[in-house]
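This is the structure I want to talk about, given as structure tokens.
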Amino acid sequence: MFAKELLPNFMALLQDEQNPKVCSHAAAAITTFCAKSNNPEVLRPYADEMLKRLYTLLSSRTEMVLVEALTAIAAMGSAIGESFIQVHQL
């Protein structure tokens, strides 16, 4: 997979708070990546930072950002399985 190329860029886009559409599309891209990934080991190195950034989006006032961030968090949890419990306790 292209995790090393894609995931850092998705995480950078999550910080573009001036553009809610960019944030929501980045979160949606993370959701899709997680859904298509059949190897949790690919996601684990990025899970901590990615979840921190997604949790930050939960304070957004824009509904599309909230929905996509929450969906991405759920997708991460599903994709990384048991490791989510450890990472989730940030």
Answer yes if V22 and Y55 sit in the same cluster of Ile, Leu, Val, Met, Phe, Trp and Tyr residues linked by side chain heavy atoms under 4.5 Å apart, and no otherwise.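 No, no single cluster joins them.
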
Return all side-chain donor-acceptor pairs below 3.5 angstrom for residues 61-71, not counting sequence neighbours, or 'none' if the list is empty.
from	atom 1	to	atom 2	distance (Å)
T71	OG1	V67	O	2.7

Looking at every heavy atom in both P8 and A3, which two are closest together, and how far apart are they?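 In terms of heavy atoms, the two residues are closest at CD-O, 3.4 Å.
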
Please tabulate, for the side chains in residues 9-20, all donor-acceptor contacts under 3.5 angstrom to protein atoms that are two or more places apart in sequence or on a different chain.
from	atom 1	to	atom 2	distance (Å)
N9	ND2	E5	O	2.6
Q15	OE1	R53	NH1	3.4
D16	OD1	N19	ND2	3.0
D16	OD2	N19	ND2	3.0

Taking atom CD1 of I80 and atom OG of S37, what is their separation to the nearest 0.5 Å?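 So the gap between those two atoms works out to 10.5 Å.
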
Would you list the atom pairs, donor with acceptor, under 3.5 Å between side chains in residues 25-32 and any protein atom, with sequence neighbours excluded?
from	atom 1	to	atom 2	distance (Å)
T31	OG1	A27	O	3.1
T31	OG1	A72	N	3.3
T32	OG1	A28	O	3.1

Determine, using the 4.5 Å side-chain heavy-atom cutoff (strictly less than), whether M76 and V42 are members of one ILVMFWY cluster.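 In one cluster with M76: V42, yes.
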
Working to the nearest 0.5 Å, report the span between CZ of F33 and CG of L43.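 The CZ atom of F33 sits 6.0 Å away from the CG atom of L43.
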
What's the spacing between L54 CG and E49 CD if we round to 0.5 Å?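 Rounded to the nearest 0.5 Å, the CG-CD separation comes out at 10.0 Å.
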
